[in-house]
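These values consider heavy atoms only, across backbone and side chains, with no hydrogens, waters or symmetry-generated copies. Everything quoted here is computed from the prediction, not taken from an experiment.
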Amino acid sequence: MPIFYGTEIASPLMLGTAQYPSPADLEQAFRRSGAGVATVSLRREAAGGDGSGFWDIVRGLGIPLLPNTAGCHSVREAVTTAHMARELFGTDWIKLEVIGHADTLQPDPFGLVEAARILTEDGFRVFPYTTEDGILGGRLLEAGCEVLMPWGAPIGTGLGLNNPYGLRTLRAQFPDVPMVIDAGLGLPSHAAEAMQLGFDAVLLNTAVARAGDPPAMAEAFALALEAGRKARAADPMEPRDMAAPSTPLLGLAVLQ
């Protein structure tokens with residue numbers, strides 16, 4: 001199972017806690033999927049009044065929490081939010097988002113690296129939401145990050161892995177760095193593809209929370225991740241351009 005900053009998690013599924021139709025759907029989605037990490041937002045918690053019901057559910061899951069800086073568009077805002085999240089949630093883990101484009105929600109690479117450096121120096125264990133750019137990935141590692149979280153596609157789009165070549169290249173460039181596909185997955189098959197490319201986990205929210213049956217969809221993602229992980233371990237065949245017979249020619253009847 002994936003190991004992040006020395007902590008082994010029970011499942012490669014990291015699941016968000018926002019947008020569910022009801023608290024019961026949220027809790028059942030986690031129970032049925034066996035998700036290994038719950039992502040939580042400071043803004044989500046603040047929007048819920050005293051947050052007691054939400055907190056009861058999250059605490060009862062018994063899994064690590066990963067607060068995030070969702071919606072932050074500047075280094076200062078992200079760093080401030082991270083410090084508030086550490087105080088509220090009691091963890092040094094932080095999913096770092098510094099958004100650079102309002103429509104695509106693409107990360108701001110310059111702000112992301114700067115904020116990552118500040119937070120790691122402040123003792124945070126940073127999980128940066130980034131792109132598949134290898135140069136940016138290297139800069140984040142130099143800033144102190146020990147995990148990379150490249151997007152599959154823009155947040156909430158459900159498009160899957162938009163750039164498999166770029167993701168495969170990033171995976172190969174840093175073979176020993178834990179990597180999580182974060183954002184853009186819409187179907188369990190997208191999660192299986194991510195695992196087949198060699199990624200360690202996926203993080204998703206909308207694909208489960210906005211499904212017609214969130215608990216069932218969460219379970220489907222968990223099964224797909226297991227299938228993808230096993231397929232990767234089984235060393236799948238390489239794709240080829242030409243057909244190749246699956247039945248050997250040796251021993252076929254010869255007509256005269």
Side-chain angles (χ1 to χ4, degrees), residues 2-6 12 14 37 39 66-82 92-186 190-191 193-205 228 232 238-239:
I3 298 177
F4 302 127
Y5 291 104
M14 305 168 73
V37 171
T39 64
L66 179 60
N68 64 48
T69 63
C72 293
H73 290 257
S74 70
V75 172
R76 181 179 180 181
E77 187 181 13
V79 170
T80 299
T81 301
D92 289 331
W93 282 17
I94 191 73
K95 178 193 168 188
L96 177 60
E97 295 184 26
V98 182
I99 301 302
H101 193 278
D103 292 331
T104 65
L105 302 181
Q106 180 172 338
D108 170 1
F110 308 103
L112 183 63
V113 172
E114 182 181 352
R117 182 173 291 109
I118 292 170
L119 290 173
T120 54
E121 290 175 354
D122 286 343
F124 284 88
R125 311 286 187 160
V126 179
F127 294 69
Y129 163 63
T130 182
T131 67
E132 67 275 21
D133 186 296
I135 304 301
L136 175 54
R139 295 290 186 270
L140 289 166
L141 297 175
E142 291 171 1
C145 299
E146 297 180 15
V147 178
L148 295 177
M149 302 183 73
W151 65 350
I155 294 171
T157 61
L159 294 173
L161 305 184
N162 270 358
N163 185 6
Y165 170 79
L167 291 169
R168 188 181 300 111
T169 300
L170 181 70
R171 176 71 282 179
Q173 187 173 349
F174 304 108
D176 299 322
V177 175
M179 290 192 194
V180 181
I181 294 294
D182 176 17
L185 303 187
H190 298 155
E193 183 181 2
M195 299 301 284
Q196 288 164 195
L197 287 177
F199 286 86
D200 300 281
V202 303
L203 192 158
L204 51 93
N205 191 156
R232 171 77 175 186
E238 292 290 335

From [X] atom [atom1] to [Y] atom [atom2], the distance as rounded to the nearest 0.5 Å:
| X | Y | atom1 | atom2 | answer |
| --- | --- | --- | --- | --- |
| Leu96 | Phe124 | CG | CZ | 10.0 Å |
| Ile135 | Leu140 | CD1 | CG | 11.5 Å |
| Arg139 | Thr130 | CZ | OG1 | 12.5 Å |

| message | I'd like to know whether Phe4 forms a side-chain contact (heavy atoms from CB on, under 4.5 Å) with Val180, so could you lay out the CA-CA distance, the side-chain angles of the two residues, the decisive distance to 0.1 Å, and finally the verdict. | response | CA-CA 10 Å; Phe4 302 127; Val180 181; 3.6 Å; yes
Taking all heavy atoms of [X] and all of [Y], pick out the closest pair and write down the distance.
| X | Y | answer |
| --- | --- | --- |
| Gly184 | Thr157 | CA-OG1, 4.0 Å |
| Thr69 | Glu97 | OG1-N, 2.7 Å |
| Pro2 | Pro12 | CG-CA, 4.0 Å |
| Pro164 | Leu197 | O-CD1, 4.5 Å |
| Leu66 | Lys95 | CD1-N, 3.6 Å |
| Leu112 | Pro107 | CD2-CB, 4.4 Å |

| request: Would you check, one step at a time, whether the test side-chain contact (heavy atoms from CB on, under 4.5 Å) holds for Tyr129 with Val98? | output: CA-CA 8 Å; Tyr129 163 63; Val98 182; over 6 Å; no
| Is there a donor-acceptor pair under 3.5 Å between the side chain of Tyr5 and the backbone N or O of Val126? | yes
| So, the side chain of Arg168 versus the backbone of Arg171: is there a donor-acceptor pair under 3.5 Å, distance only? | no
| For Arg232, all residues meeting side-chain contact (heavy atoms from CB on, under 4.5 Å), sequence neighbours excluded | none
| message | Using the side-chain contact (heavy atoms from CB on, under 4.5 Å) criterion, which residues pair with Ile3? Sequence neighbours excluded. | response | Glu8
Enumerate, atom names and distances included, each donor-acceptor pair closer than 3.5 Å involving a side-chain atom of residues 143-156, sequence neighbours excluded.
unit_1, atom_1, unit_2, atom_2, d
Trp151, NE1, Glu132, OE1, 2.9

| query | Among pairs that include at least one residue of residues 107-126, which meet side chain to side chain donor-acceptor pair (under 3.5 Å), considering only residues two or more places apart or in two chains? | reply | His83-Asp122
| query | Do the non-hydrogen side-chain atoms of Val177 and Leu141 ever get within less than 4.5 Å of each other? | reply | yes
| field | Residue Phe174 excluded, over 12 heavy atoms near CZ under 6.0 Å | value | yes
| Test log, rule side-chain contact (heavy atoms from CB on, under 4.5 Å), inputs Ile94 and Phe127 | CA-CA 6 Å; Ile94 191 73; Phe127 294 69; over 6 Å; no
| With Phe199, which residues qualify under ring-ring contact (aromatic ring centres under 6.0 Å, His included), at least two apart? | none
| task | Output, in order, the C-alpha distance, side-chain angles, deciding distance and verdict of side-chain contact (heavy atoms from CB on, under 4.5 Å) for Leu161 and Ile181. | result | CA-CA 9 Å; Leu161 305 184; Ile181 294 294; 3.9 Å; yes
| field | side chain to side chain donor-acceptor pair (under 3.5 Å) involving Asp133 - partner list, sequence neighbours excluded | value | none
